[in-house]
**Student:** 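I am attaching a structure below and will ask some questions about it afterwards.
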Amino acid sequence: GVNYTAMLDVNGIAQNGYTLTCGNSGMYNFTATPGSSDTAWFPVQCNSNFDLSVSGANSYFRYGNTSFMWLNVNDISCTPMTGTYSLTLDPNLSFLASLTPPNSNSGQSYFWNFSNLYTIGNGQGSLNNLIAVNIGPSVQVGDSLCYSVSVLPSGGDVNPANNYINNCDL
């Protein structure tokens with residue numbers, strides 16, 4: 001066989017919720033058979049790191065038409081996460097319905113709870129929700145209509161900067 005040495009990104013592996021169990025240097029030696037498609041499995045175990053994130057998109061906001069928003073919550077980890085994501089609407093947007101109904105709301109803010117969100121294993125690594133809104137009658141051409149989406153918990157998140165978005169449509 002042919003001897004290889006692979007250099008693994010130990011920090012990247014740790015940020016995605018794993019600890020390398022074959023030594024923390026990231027060096028891993030293995031032997032492959034020439035002409036074969038050998039696979040080198042790298043032993044890892046889960047750690048407590050997680051990265052929740054949100055993203056969103058919307059159809060054009062047009063007066064007199066129902067508009068749609070697509071919200072996504074993602075977790076890159078092998079640690080099952082429990083938390084809440086929220087949507088706060090511009091005062092000129094009216095919530096009509098969502099594919100997954102909110103657990104609660106307060107004024108223009110809507111809240112959804114989730115549990116057992118994780119990427120690795122048999123878990124579900126992302127949540128997707130479709131939201132329908134109406135545009136208020138006082139909106140004029142050129143007005144900005146904004147909404148924000150956030151996910152908690154953020155404490156302990158390896159990248160809390162991607163836990164919040166603010167989108168505007170003119």
Side-chain angles (χ1 to χ4, degrees), residues 8-19 42 44-170:
L8 304 176
D9 178 1
V10 177
N11 291 330
I13 289 171
Q15 287 179 351
N16 287 320
Y18 297 99
T19 301
F42 300 98
V44 294
Q45 65 186 22
C46 289
N47 64 30
S48 60
N49 288 343
F50 66 93
D51 181 15
L52 291 173
S53 64
V54 293
S55 60
N58 57 275
S59 60
Y60 290 111
F61 294 138
R62 289 188 237 173
Y63 177 73
N65 292 309
T66 299
S67 294
F68 297 95
M69 299 175 186
W70 296 268
L71 306 182
N72 305 298
V73 178
N74 299 294
D75 177 28
I76 300 174
S77 77
C78 60
T79 302
M81 295 301 301
T82 298
T84 302
Y85 69 98
S86 64
L87 166 68
T88 301
L89 295 173
D90 188 282
N92 287 309
L93 296 174
S94 300
F95 182 92
L96 293 176
S98 61
L99 191 58
T100 302
N103 295 98
S104 63
N105 79 291
S106 176
Q108 290 291 91
S109 295
Y110 297 83
F111 305 91
W112 291 264
N113 300 323
F114 61 87
S115 61
N116 292 321
L117 181 66
Y118 61 106
T119 302
I120 308 305
N122 294 321
Q124 180 179 359
S126 64
L127 301 171
N128 304 296
N129 204 350
L130 176 65
I131 316 289
V133 296
N134 267 345
I135 287 73
S138 64
V139 173
Q140 301 294 314
V141 173
D143 287 352
S144 290
L145 298 172
C146 300
Y147 63 93
S148 62
V149 182
S150 64
V151 63
L152 295 171
S154 58
D157 193 313
V158 296
N159 183 10
N162 63 10
N163 292 14
Y164 175 83
I165 60 167
N166 187 57
N167 285 349
C168 294
D169 192 5
L170 302 174

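Residue numbers run from 1 in the order of the sequence given. The figures here come from the full heavy-atom set of this structure, side chains too, leaving out hydrogens, waters and symmetry mates.
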**Student:** Between Phe95 and Asn105, is there a side-chain heavy-atom distance shorter than 4.5 Å?
**Tutor:** no

**Student:** Is there side-chain contact between Pro153 and Met81, with at least one heavy-atom pair below 4.5 Å?
**Tutor:**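 Of all side-chain heavy-atom pairs linking Met81 with Pro153, at least one is under 4.5 Å.
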
**Student:** Can a donor-acceptor pair be found between the side chains of Ser109 and Ser86 at a distance below 3.5 Å?
**Tutor:**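 No donor-acceptor contact under 3.5 Å links the two side chains.
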
**Student:** Under 3.5 Å, is there a donor-acceptor pair linking the side chains of Tyr85 and Asn113?
**Tutor:** no

**Student:** Can you tell me how far apart CG (Asn162) and CG (Leu52) are? Round to the nearest 0.5 Å.
**Tutor:**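 Reported to 0.5 Å precision, the distance equals 8.5 Å.
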
**Student:** Identify the two heavy atoms, one from Pro102 and one from Tyr110, that lie closest to each other, and give their separation to 0.1 Å.
**Tutor:** CG-CD2, 4.0 Å

**Student:** Between CG of Asp169 and SG of Cys146, what distance do you get to the nearest 0.5 Å?
**Tutor:** 9.0 Å

**Student:** Can you confirm whether Leu93 sits close enough to Ile135 that some side-chain heavy atom of one is under 4.5 Å from a side-chain heavy atom of the other?
**Tutor:**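 With C-beta onward as the side chain, the pair touches.
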
**Student:** Do Tyr147 and Asp90 have side-chain atoms, one donor and one acceptor, less than 3.5 Å apart?
**Tutor:** no

**Student:** Quick one: closest heavy-atom pair of Asn92 and Leu145, and the distance?
**Tutor:**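 In this case the closest contact between Asn92 and Leu145 is CB-CD2, 3.6 Å.
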
**Student:** Is a side-chain donor-acceptor pair under 3.5 Å present for Ser126 with Asn72?
**Tutor:** no

**Student:** Mind listing the closest non-hydrogen atom pair of Gly56 and Ile165 along with its distance?
**Tutor:** N-CD1, 3.3 Å

**Student:** Taking the side chain as everything from C-beta on, heavy atoms only, tell me whether Phe68 gets closer than 4.5 Å to Leu130.
**Tutor:** yes

**Student:** Should Phe114 and Val151 be marked as a side-chain contact (heavy atoms from CB on, under 4.5 Å) after you check the CA-CA gap, both sets of side-chain angles, and the distance that decides it?
**Tutor:** CA-CA 10 Å; Phe114 61 87; Val151 63; 3.8 Å; yes

**Student:** About how many Å separate CG of Asn163 and OG of Ser150, when rounded to the nearest 0.5 Å?
**Tutor:**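 Separation between the atoms: 8.5 Å.
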
**Student:** Measure across Phe111 and Ser106 and return the closest heavy-atom pair with its distance rounded to 0.1 Å.
**Tutor:** CE1-N, 4.2 Å

**Student:** Taking the side chain as every heavy atom from C-beta outward, state whether Leu117 and Leu127 have any atom pair closer than 4.5 Å.
**Tutor:** yes

**Student:** Considering all heavy atoms of both residues, which atom of Trp112 and which atom of Thr100 are nearest to each other, and what is their separation?
**Tutor:** NE1-O, 2.6 Å

**Student:** Any non-hydrogen side-chain atom of Met69 less than 4.5 Å from a side-chain atom of Leu89?
**Tutor:**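 Result yes, sub-4.5 Å side-chain heavy-atom pair found.
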
**Student:** How far apart are the closest heavy atoms of Val133 and Leu96, and which atoms are they?
**Tutor:**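 Smallest heavy-atom distance, with atoms named: C-CD1, 3.9 Å.
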
**Student:** Taking the side chain as every heavy atom from C-beta outward, state whether Asn134 and Thr66 have any atom pair closer than 4.5 Å.
**Tutor:** yes

**Student:** Is it the case that the side chains of Asn65 and Tyr60 hold a donor-acceptor pair, with the cut-off being a distance below 3.5 Å and no angle test?
**Tutor:** no

**Student:** Is it the case that Asn167 and Asn58 place a side-chain donor and acceptor less than 3.5 Å from each other?
**Tutor:**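 No pair is found: no donor N or O on one side chain lies under 3.5 Å from an acceptor on the other.
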
